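Keep in mind the model is a prediction, meaning the values are calculated, not measured.
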Amino acid sequence: MHTDLNNLKTEAAPNPLLAKESISISKELRVLAADGDQCLLQSTKLFCPINSTRNTFSSSNCLCAYIIQSISTSQFIMDSIHLFGNIIVSFPVLILLWNTPSEAQLSPSFYSNTCPNALATIRTSIRQAVSRERRMAASLIRLHFHDCFVQGCDASILLDETPSIQSEKTAFPNINSVRGFEVIEAAKREVEKICPGVVSCADILAVAARDASAAVGGPSWKVKLGRRDSTTASRSVANTDLPSPFSDLSTLISAFANKGLSARDMVALSGSHTIGQSQCFLFRNRIYSNGTDIDAGFASTRRRQCPSNSGDSNLAALDLVTPNSFDNNYFKNLMQRKGLLQTDQVLFSGGSTDSIVSEYSRNPRTFLSDFGNSMIKMGDIEPLTGQNGIIRRICSAIN
């Protein structure tokens with residue numbers, strides 16, 4: 001059996017692993033290693049190593065798999081493939097016909113054709129929520145963060161408890177703390193009215209965080225879209241992977257590095273604490289410690305709303321100066337030893353991130369730009385794409 005692939009895009013491309021000339025075949029093909037031969041899959045393109053002097057594939061054991069979507073059966077073997085020109089290469093080619101997810105990529109224009117009014121609809125819903133309660137902006141940014149750090153940006157944090165799902169809502173870092181679920185559900189309902197079954201809850205979370213930032217004077221950025229929703233949640237991963245508000249600097253850096261984020265990303269994202277509030281029990285030890293890393297006057301002010309043995313849920317603004325504006329005062333506070341949480345102040349405590357805090361305190365534009373870029377990077381953490389995951393009808397439950 002012969003299959004003509006003349007119509008597939010081909011081009012010469014270097015193979016850095018094999019240091020040989022390669023043929024780049026379109027994304028419908030992928031290479032599988034066999035018998036110890038190395039073949040390289042890069043992004044959505046495929047590289048089969050060839051011997052440039054003979055214009056033939058260097059190994060007959062390198063299997064090029066032709067992915068055919070939406071057909072489900074087993075497999076069969078082609079004897080040869082007509083690649084281009086007059087070159088006929090005889091080698092085993094495995095055609096995979098089962099449901100293999102494509103190498104889908106997130107894109108800001110993902111819904112341009114399928115739901116062109118999705119972003120405007122979400123933005124209206126988020127602006128209404130923030131106008132009702134300005135604190136909600138911080139809550140929505142934090143909700144997106146807590147979602148992405150647990151099995152990726154897949155809206156798993158929105159799932160309610162069921163006999164088969166241990167909800168992340170009840171994990172220690174989230175219980176009686178993370179909020180904004182009803183705002184995401186409201187936005188989802190509005191989107192479902194115009195495009196039922198198209199826009200994922202994971203994407204709504206990502207867009208909501210961006211729109212919440214912009215609504216309180218913070219940066220905006222192009223949100224990459226195309227995530228799908230998980231059918232699972234993980235309370236245990238939430239308990240281990242979400243950074244504790246009592247962590248030291250090295251632990252924080254490691255926690256973010258485990259998600260592909262740098263120390264600079266961590267400091268930039270921590271800058272979201274320029275808005276929002278924290279509960280007394282999370283900063284009580286710090287304000288009663290009489291430590292050298294906290295301003296005495298600041299500690300005294302905070303004690304008024306946070307007694308030493310009661311008022312666990314009493315709230316205090318993370319940024320005492322401009323608590324409702326997204327600016328760089330958070331970093332100025334740190335340099336004055338006025339960080340509310342331990343994980344705030346450790347960013348400026350004689351460690352490796354001091355210089356970043358200093359830079360952001362001097363250059364608000366740099367901070368705002370870095371924050372947007374770091375949010376984009378965070379939104380790229382292990383998304384479900386292609387045929388993986390689902391599009392939930394409501395965000396708190398599996399369809």
Side-chain angles (χ1 to χ4, degrees), residues 122-123 125-149 157 173-174 176-184 187 205-221 223 242-243 245 252 265-280 282-283 286 298 301-302 305-306 313-336 338-345 347-348 356-357 360-361 363-376 378-379:
I122 297 169
R123 181 169 60 249
S125 188
I126 298 308
R127 283 180 175 175
Q128 290 173 348
V130 174
S131 67
R132 289 191 298 268
E133 183 192 9
R134 201 163 176 86
R135 178 191 173 199
M136 186 54 67
S139 298
L140 293 173
I141 294 172
R142 184 170 182 244
L143 187 59
H144 181 43
F145 165 59
H146 280 226
D147 178 45
C148 290
F149 264 55
I157 195 172
N174 296 331
N176 298 322
S177 175
V178 171
R179 56 199 297 274
F181 301 107
E182 72 286 353
V183 174
I184 301 301
L205 261 178
V207 173
R210 186 269 311 274
D211 292 344
S213 169
V216 292
S220 184
W221 55 90
V223 178
L242 287 169
L252 286 175
D265 292 321
M266 179 193 69
V267 176
L269 293 171
S270 296
S272 64
H273 285 184
T274 185
I275 55 176
Q277 302 178 54
S278 180
Q279 297 183 68
C280 169
L282 294 174
F283 59 85
R286 173 164 163 73
F298 173 76
T301 299
R302 293 307 196 183
Q305 297 298 322
C306 184
S313 60
N314 291 358
L315 295 172
L318 289 160
D319 175 5
L320 190 61
V321 181
T322 54
N324 293 314
S325 297
F326 201 109
D327 54 32
N328 70 330
N329 271 323
Y330 167 79
F331 300 104
K332 296 178 181 179
N333 295 339
L334 298 186
M335 296 185 70
Q336 298 170 11
K338 294 180 180 179
L340 185 62
L341 300 176
Q342 176 177 319
T343 46
D344 293 327
Q345 195 58 56
L347 302 181
F348 190 83
I356 305 172
V357 171
Y360 289 161
S361 72
N363 302 297
R365 289 186 179 179
T366 300
F367 160 55
L368 296 177
S369 175
D370 282 3
F371 181 81
N373 290 333
S374 294
M375 288 293 287
I376 292 172
M378 187 180 75

Contact between [X] and [Y] at the side-chain level, heavy atoms closer than 4.5 Å - yes or no?
X	Y	result
Arg302	Leu320	yes
Val321	Lys332	no
Leu140	Ile184	yes
Gln279	Ser177	yes
Val178	Arg142	yes
Val130	Val216	yes
Arg179	Met136	yes
Leu347	Met266	yes

(Q) Nearest 0.5 angstrom please: Ile356 CD1 to Phe331 CZ, how far? (A) 9.5 Å
Q. Nearest 0.5 Å, what's the CZ-CH2 distance between Arg210 and Trp221?
A. 7.5 Å
Q: Identify, with sequence neighbours excluded, every residue that meets side-chain hydrogen bond (donor to acceptor under 3.5 Å, both in side chains) alongside Ser361.
A: none
If you look at every heavy atom in [X] and [Y], which pair is closest and at what distance?
X	Y	answer
Ala208	Ile126	CB-CD1, 3.6 Å
Ala206	Val223	CB-CG1, 3.8 Å
Ala138	Gly276	CB-CA, 3.5 Å

Distance-only, no hydrogens or angles: does the [X] side chain make a donor-acceptor pair with backbone N or O of [Y] under 3.5 Å?
X	Y	value
Asn333	Asn329	yes
Arg134	Ile275	no
Gln345	Leu334	yes
Ser125	Ile122	no

Using the side-chain contact (heavy atoms from CB on, under 4.5 Å) criterion, which residues pair with [X]? Sequence neighbours excluded.
X	answer
Asn363	Glu359, Thr366
Thr274	Asp319, Phe326, Asp327, Tyr330
Thr343	Pro245, Ser247, Leu252, Leu341
Arg365	none

Q.
Using side chain to side chain contact (heavy atoms under 4.5 Å, CB included), reason through Met378 and His144 one step at a time and then give a plain yes or no.
A. CA-CA 9 Å; Met378 187 180 75; His144 181 43; 3.6 Å; yes
Q: Please report the C-alpha distance between Leu143 and Val183 in whole Å, then the side-chain angles of each, then the deciding distance to 0.1 Å, and finally whether the side chain to side chain contact (heavy atoms under 4.5 Å, CB included) criterion is met.
A: CA-CA 11 Å; Leu143 187 59; Val183 174; over 6 Å; no
Q. After noting the C-alpha distance and the side-chain angles of Ser278 and Leu318, does the key distance pass the side chain to side chain contact (heavy atoms under 4.5 Å, CB included) rule?
A. CA-CA 6 Å; Ser278 180; Leu318 289 160; 3.9 Å; yes
Kindly list each side-chain donor-acceptor pair under 3.5 angstrom involving residues 367-375, sequence neighbours excluded, with atom names and distances?
from: Asp370; atom 1: OD2; to: Arg264; atom 2: NE; distance (Å): 2.9
from: Asp370; atom 1: OD2; to: Arg264; atom 2: NH2; distance (Å): 3.0
from: Asp370; atom 1: OD2; to: Tyr360; atom 2: OH; distance (Å): 2.6
from: Asn373; atom 1: ND2; to: Ser369; atom 2: O; distance (Å): 3.4
from: Ser374; atom 1: OG; to: Asp265; atom 2: OD1; distance (Å): 2.7
from: Ser374; atom 1: OG; to: Asp370; atom 2: O; distance (Å): 3.0

Q | Enclosure of Gln305 CD (heavy-atom neighbours >12, cutoff 6.0 Å) | A | no
Q.
side chain to side chain contact (heavy atoms under 4.5 Å, CB included), that's the test. Do Asp344 and His273 meet it? Break it down for me.
A. CA-CA 8 Å; Asp344 293 327; His273 285 184; 2.8 Å; yes
